[in-house]
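Structure first, commentary second.
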There are 2 protein chains.
Amino acid sequence: MLHEEVVGRVRAMLLEGEIPPGARIPERDLCEKLQISRTPLREALKVLAAEGLVQLLPNRGSRAAKLTDKDMRDLFEVCQGLEALAGELACERITDAEIAAVAAAHAAMAQHYQDNDLLQYYRCNRAIHEAIVTAAGNPVLSGLYESVTARIRRARYVTPMTPPRWELALQEHEAILNALRRRDALGLAHILRTHLRHKREEVLQAGFAETENPGVARAQLRLQA
Amino acid sequence: MLHEEVVGRVRAMLLEGEIPPGARIPERDLCEKLQISRTPLREALKVLAAEGLVQLLPNRGSRAAKLTDKDMRDLFEVCQGLEALAGELACERITDAEIAAVAAAHAAMAQHYQDNDLLQYYRCNRAIHEAIVTAAGNPVLSGLYESVTARIRRARYVTPMTPPRWELALQEHEAILNALRRRDALGLAHILRTHLRHKREEVLQAGFAETENPGVARAQLRLQA
DNA sequence: TCCTTTATTTTTGAATTCAAAATGGTCAAT
DNA sequence: ATTGACCATTTTGAATTCAAAAATAAAGGA
């Protein structure tokens, strides 16, 4: 179905930053680029607006949602709560095979840490957290988590990780893995909460939200190109 | 804007049960009823599908989502987690005025309990929980909570409350209020979790009412004929 | 020169139209 | 009588069209 396809493509463009936060989205241009008519695109925009990725302005079109500092804090809080919940549920339901998968991802991540490969490290990190959420066996939870993390990821293109922070993160991950192995629900929930609080502090401290307009100007240019 | 209006109207129809779970939604009929063209209605249906209230079948139209037992359990689990998070946050941020409001609602609820007025009791109950979520001061959280509770509410039109259950619920609410007054975040989170687990047991045990699916009904009729 | 006002163009919101897929019904064949 | 193929009708998916609102450009006056 075309509709689903379009939602996916546009969502990807938003998450990849191809359409930067705050950028206006001229329907006609996007239609041309995607080779579709306006009808399915507009449907997709409404859906993405409901997801919080797009902002609709009455009679003035839509723009990519721009997150304020407060929005970011809120998203992190919720993400934290969802992960803690996922951890608790995962402890009840996770299989040995799934734990092994998490352990493998953790090992790979540690290796990337040694190699100082930040990008690959992030990939593994995300895989671990997603594996835990999946292990919770709750599609509703998975859906909300996906939605929230997508919005967060979109805002921070790059997080500068100081060495001590990085080391701490790794230690926390080790603790997470151990709690999972012990199937210690409360312990895991607690670790996940502090782990994410640390990440939040990192991101918020870095100051992701530039309120200047040059970014918007660039957005228009890139979209036309 | 028409689009928002339509989403709201159709969502209400779904939540009120005017469109029962599992029912097919013929676009043309609904357009006629709402006096609009198909375009805005279809946009609305896509949004509601993203919210989980409507199910889209490729080339076969849409139907009101029908929740399975598992879906219900998942929703409750998430709702539980969200409320616990809201409670923790509320303890940090709630004002004395807001606490007073919760206390008032609680008192009213206790009165309705005395009067055996289940409907009004539910109204107050919901108001209390929503007040706590609001007091968390996190719009992202509020949005997700709203979405999840809406889906839950849709499934259970009526929950048969046995007297002992009801009494227990009231006691738990008393404990919730006290924890709020003490601003005891961990305590409140714990109480909210058990409180909602009890409610979930109630609902799941009752076997939430399944309204008849027209398609199924017709199939059965033809079989008998 | 700058601001206000008006006309033109562009863009959005929603209805209509068109094509494709599915549904329902009829009729022949076994 | 039941099954299966074929055609008509309905319904959906997406493009196009039309109207209204906003943005832009232009002209006139202080």
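Proteins get letters first, then strands, A, B, ... in listed order; numbering begins at 1 in each.
In this structure, H3(B) places its NE2 atom 9 Å from P of dA14(C), rounding to the nearest Å. We find that CG of L56(B) is positioned 8 Å from P of dG13(D), with the value rounded to whole Å. Distance, E4(A) CD to dG13(D) C1': 13 Å, rounded to whole Å. If you measure from atom CD of E32(B) to atom P of dA15(C), you get 14 Å, rounded to the nearest angstrom. The separation between L30(A) atom CG and dT11(C) atom P is 13 Å, rounded to whole Å. Per the geometry, CD belonging to Q35(B) stands 11 Å off P belonging to dA15(C), to the nearest Å. The distance from atom CD1 of I25(A) to atom P of dG13(C) is 12 Å, rounded to the nearest whole Å. Atom CD of E27(A) is separated from atom P of dT16(D) by 15 Å (rounded to the nearest Å).
In the region residues 36-55 of chain B, proximity to DNA chain D at under 4.0 angstrom, judged on heavy atoms, holds for R38(B), R42(B). Listed by residue number, the members of residues 5-13 of chain B with any heavy atom below 4.0 angstrom from DNA chain D form an empty set.
Here the shortest heavy-atom pairing between L188(B) and C91(B) reads CD2-SG, 3.6 Å. Closest heavy-atom contact between V148(A) and L144(B): CG2-CD1, 4.0 Å.
Using cut-offs of 30° and 60° on the angle between ring planes, the pair H173(B) and H106(B) is parallel.
Residues passing the side-chain contact (heavy atoms from CB on, under 4.5 Å) test with E92(A), sequence neighbours excluded: none.
Proximity of a side-chain donor or acceptor of R24(A) to a complementary backbone N or O of R63(A) within less than 3.5 Å is not detected. With hydrogens and angles ignored, the 3.5 Å screen pairs a side-chain donor or acceptor of R183(A) with a backbone N or O of I94(A).
The line from CZ of R193(A) to CD of E88(B) is 5.0 Å long, rounded to the nearest 0.5 Å. Separation of atoms OG1 (T68(A)) and NZ (K66(A)) is listed at 11.0 Å; rounding is to 0.5 Å.
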Can you build the contact string for nucleotides 20-25 of chain D? Use B for base contact, S for sugar-phosphate-only contact, and - for no protein heavy atom under 4.0 Å. -SSS--
Pairs under 3.5 angstrom only: tabulate donor-acceptor contacts from the side chains of residues 48-62 of chain B to other protein residues two or more places apart or in another chain.
residue : atom : partner : partner atom : Å
E51(B)  : OE1  : R11(B)  : NE           : 3.1
E51(B)  : OE1  : R11(B)  : NH2          : 3.4
E51(B)  : OE2  : R11(B)  : NH2          : 2.7

Table please: side-chain donor-acceptor pairs of residues 73-84 of chain B below 3.5 Å, with sequence neighbours left out.
residue : atom : partner : partner atom : Å
R73(B)  : NH2  : D69(B)  : OD2          : 3.2
D74(B)  : OD1  : K70(B)  : NZ           : 3.2
D74(B)  : OD2  : K70(B)  : NZ           : 2.8
E77(B)  : OE1  : R93(A)  : NH1          : 3.4
E77(B)  : OE1  : N138(A) : ND2          : 2.8
E77(B)  : OE2  : R93(A)  : NH2          : 2.3
E83(B)  : OE1  : H129(B) : ND1          : 2.9
E83(B)  : OE2  : H129(B) : ND1          : 3.2
E83(B)  : OE2  : Y145(B) : OH           : 2.6

Can M109(A) and I128(A) be said to form a side chain to side chain contact (heavy atoms under 4.5 Å, CB included), step by step? CA-CA 9 Å; M109(A) 195 178 71; I128(A) 290 173; 3.9 Å; yes
